[in-house]
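Notes follow the structure.
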Amino acid sequence: LIDESIIEKAKYGDKQAFRSIFHFYEQKVFSTAYFIMKDRQHAEDVVQEAFLKVYLKVHKLENNKVFEIWLYKITVNACSSFFRKLNKFNTTSIDENIMVEEFPIGGKFSLPDNILIRKEFQEKVMEVVYALPVKHRTVITLYYYNNMSIKEISNIVGCSEGTVKSRLFYGKKELKKALDLEEEDKEDAIYEF
Amino acid sequence: MNFDDIIKNSFEAEATDLKVSSSRQMEMLNAIEARGQAIKRGIGYRISRLFSKINFVEALEVAAFAVVLIAVPFVGSHFKNSNSMEAKVDNNTAVVKEDKTFHLSKDMTTGAGVVVTITPIKNKINSIKISDQEVNNLIEEASNDEVKAFAVNNIIVTEKSTFEDFRTKGYVLVDGSKISLNEKITVKIIGNKDKLYNSLMSEQIIKRTKQWGDIKIEKADSITIGRVDP
């Protein structure tokens, strides 16, 4: 997390403080936007919109501790705005109201030792992530990449914690399903699940 | 390594490949700052900053003050532009309006009439009470008494004159001219002096006026209205 004193300085219009915030979070915001948008140019546009809002509205932030959540909320909202403009916002038929208190996380997995194969495997994981509906991909991204809690994601995407859990469960299920199927197709399984 | 770690690692590996070049970062930063500064120079942003600095109650007070600024001139204008014959007298506004059968001269007029002198008693002006009905009665009486011209402290009053009541501040405005209620007021009326005298000497008028000032009513054979007395 960035030092709160930098955020405090940015609130009072300190340009250097704003630049520090930009350099600290730019990569994270860009990657988050890319995972959601699947387009480099759009992700860069989202970065600019998100940090413009920070530039103009950081003085309104009452609690510096929630800066990061606020920043990701701005990022996700900017992505939604872009999707609306592009008329690409996916609606999902999945019942998002299913409450999933516990979803299966357990089980031991191993990544292949060979760097190339490991890289290939990670790319396959991301292919599955990119294939998920936008709403589920957003939750998966915030949970795994931005390390946000269920409650924080609920705040960021503006829906109930139950809905977040449901989307997370669905995303994980799809990931496991896709990866399991791929492994089953292989005669010589390199890694086991 | 569990499933969650695998997914996390995959995200991290993908993010590493997505790095934005330093030059591109600077381009984006410069663009953001330029846009931000342009917006900050705009009036909309300045107003939003102003409101963000005041709390909700203060914002309500500002809004109420703005409403008063907008509404008061509008209400005043409304009364002034009204063609109604009604004479409205209340704590805020008193307006004598057009009467097609009764006209007061706004030119220099000389003739017989009465002179009324009122010397206000200190701190009593808030006891001045005039009802709509009384104003209507006075207009009717003036018509009956063949009133041709009317002046208060040498300000000519016609049937179109406006009266604005600022008793709480110690004055009234007649057609925008201030008449202090703490100083002697002279009312000149040209018309049938006997009828006027009898009308004004009514018990009701004397009693009412004495609550806030000493009243003196005199008949006069020659009064001039429309010029400043030497």
Side-chain angles (χ1 to χ4, degrees), chain A residues 13 15 18-19 21-23 26-35 40 43-45 47-60 103-111 118-119 121-130 140-141 143-147 171-172 175-176 179 191 193, chain B residues 1-70:
Chain A
K15 282 188 181 178
F18 173 75
R19 288 180 173 211
I21 292 172
F22 177 85
H23 290 302
E26 180 272 337
Q27 190 59 47
K28 203 81 176 173
V29 169
F30 173 77
S31 301
T32 304
Y34 182 86
F35 294 143
R40 196 176 179 92
E44 285 189 4
D45 290 343
V47 170
Q48 293 200 36
E49 290 305 314
F51 280 101
L52 180 64
K53 281 207 169 172
V54 172
Y55 187 90
L56 295 173
K57 296 188 174 177
V58 69
H59 64 275
K60 289 185 176 176
F103 35 79
I105 300 176
K108 293 283 182 184
F109 303 92
S110 59
L111 275 173
R118 178 190 289 239
K119 177 87 176 160
F121 176 75
Q122 286 171 337
E123 283 173 359
K124 285 186 189 299
V125 170
M126 292 312 296
E127 274 177 27
V128 179
V129 169
Y130 289 133
I140 289 280
T141 300
Y143 186 79
Y144 285 113
Y145 180 63
N146 301 94
N147 296 316
K172 283 182 164 191
L175 277 163
K176 282 187 174 177
L179 297 171
Y191 32 83
F193 287 90
Chain B
M1 185 177 282
N2 64 29
F3 177 79
D4 284 350
D5 292 333
I6 289 172
I7 306 299
K8 279 182 183 178
N9 285 343
S10 299
F11 268 104
E12 285 297 336
E14 181 83 346
T16 307
D17 293 341
L18 288 172
K19 282 222 184 302
V20 178
S21 68
S22 299
S23 59
R24 181 66 189 135
Q25 277 185 23
M26 285 313 294
E27 278 175 19
M28 287 198 287
L29 180 58
N30 291 337
I32 292 162
E33 288 181 338
R35 281 176 68 193
Q37 282 164 12
I39 294 170
K40 279 186 175 181
R41 282 194 292 270
I43 187 72
Y45 180 81
R46 290 182 185 189
I47 290 171
S48 73
R49 279 302 296 262
L50 177 68
F51 271 86
S52 73
K53 285 180 181 172
I54 55 180
N55 66 31
F56 181 68
V57 175
E58 286 170 336
L60 278 179
E61 286 172 357
V62 170
F65 182 62
V67 167
V68 169
L69 283 178
I70 295 163

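So that the names make sense, note that chain A is the first sequence line, chain B the second, and so on, each numbered from 1.
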Apply side chain to side chain contact (heavy atoms under 4.5 Å, CB included) to the pair A/Phe121 and B/Ile6, showing each step before the final yes or no.
CA-CA 10 Å; A/Phe121 176 75; B/Ile6 289 172; 3.4 Å; yes

Would A/Tyr145 and B/Glu14 count as a side chain to side chain contact (heavy atoms under 4.5 Å, CB included) if you check the C-alpha gap in whole Å, the side-chain angles of each, and the deciding distance to 0.1 Å?
CA-CA 10 Å; A/Tyr145 180 63; B/Glu14 181 83 346; over 6 Å; no

Show your working on side chain to side chain contact (heavy atoms under 4.5 Å, CB included) between A/Val125 and B/Phe11 and close with a plain yes or no.
CA-CA 9 Å; A/Val125 170; B/Phe11 268 104; over 6 Å; no

Should A/Val47 and B/Val20 be marked as a side chain to side chain contact (heavy atoms under 4.5 Å, CB included) after you check the CA-CA gap, both sets of side-chain angles, and the distance that decides it?
CA-CA 11 Å; A/Val47 170; B/Val20 178; over 6 Å; no

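The backbone N or O of B/Gln25 lies less than 3.5 Å from no partner atom in the side chain of A/Glu26, so there is not a single donor-acceptor pair.
Shown here for A/Arg19 and B/Asn30, the closest heavy-atom pair between the two residues is NH2-OD1, 4.1 Å. Contact record, B/Ala13 with A/Gln122: CB-OE1, 3.3 Å, taken as the closest heavy-atom pair. Closest approach of A/His23 to B/Leu29, counting heavy atoms only: NE2-CD2, 3.8 Å.
B/Glu12 and A/Tyr144 are not linked by any side-chain donor-acceptor pair at a separation below 3.5 angstrom, with hydrogens and angles left out of the test.
Ionic pairing of B/Arg35 and A/Glu49 is present here: one or more N-O contacts between side-chain nitrogen and carboxylate oxygen are shorter than 4.0 angstrom.
Both the backbone and the side chain of A/Phe51 come within contact range of chain B, judged by heavy atoms closer than 4.5 Å. Within the 4.5 angstrom heavy-atom criterion, no atom of A/Glu123 approaches chain B. Proximity to chain B (any heavy atom under 4.5 Å) is shown, for A/Thr141, by both the backbone and the side chain. Residue A/Val128 does not touch chain B at all, counting heavy-atom pairs closer than 4.5 Å. Neither the backbone nor the side chain of A/Lys53 comes within less than 4.5 Å of any heavy atom of chain B.
In this structure, B/Thr16 has no side chain to side chain contact (heavy atoms under 4.5 Å, CB included) partners at least two apart in sequence or on a different chain. A search for side-chain hydrogen bond (donor to acceptor under 3.5 Å, both in side chains) contacts involving A/Gln48 returns nothing, not counting sequence neighbours.
For the pair A/Lys176 and B/Phe3, the cation-pi test (distance below 6.0 Å, angle within 45°) is passed. At least one test fails for B/Lys19 against the ring of A/Phe30: distance under 6.0 Å to the centre or angle within 45° of the axis.
Looking at heavy atoms from C-beta onward, B/Gln37 lies in side-chain contact with A/Lys15 at the 4.5 angstrom threshold.
A distance of 8.5 Å separates CD1 of B/Ile7 from NZ of A/Lys172, quoted to the nearest 0.5 Å.
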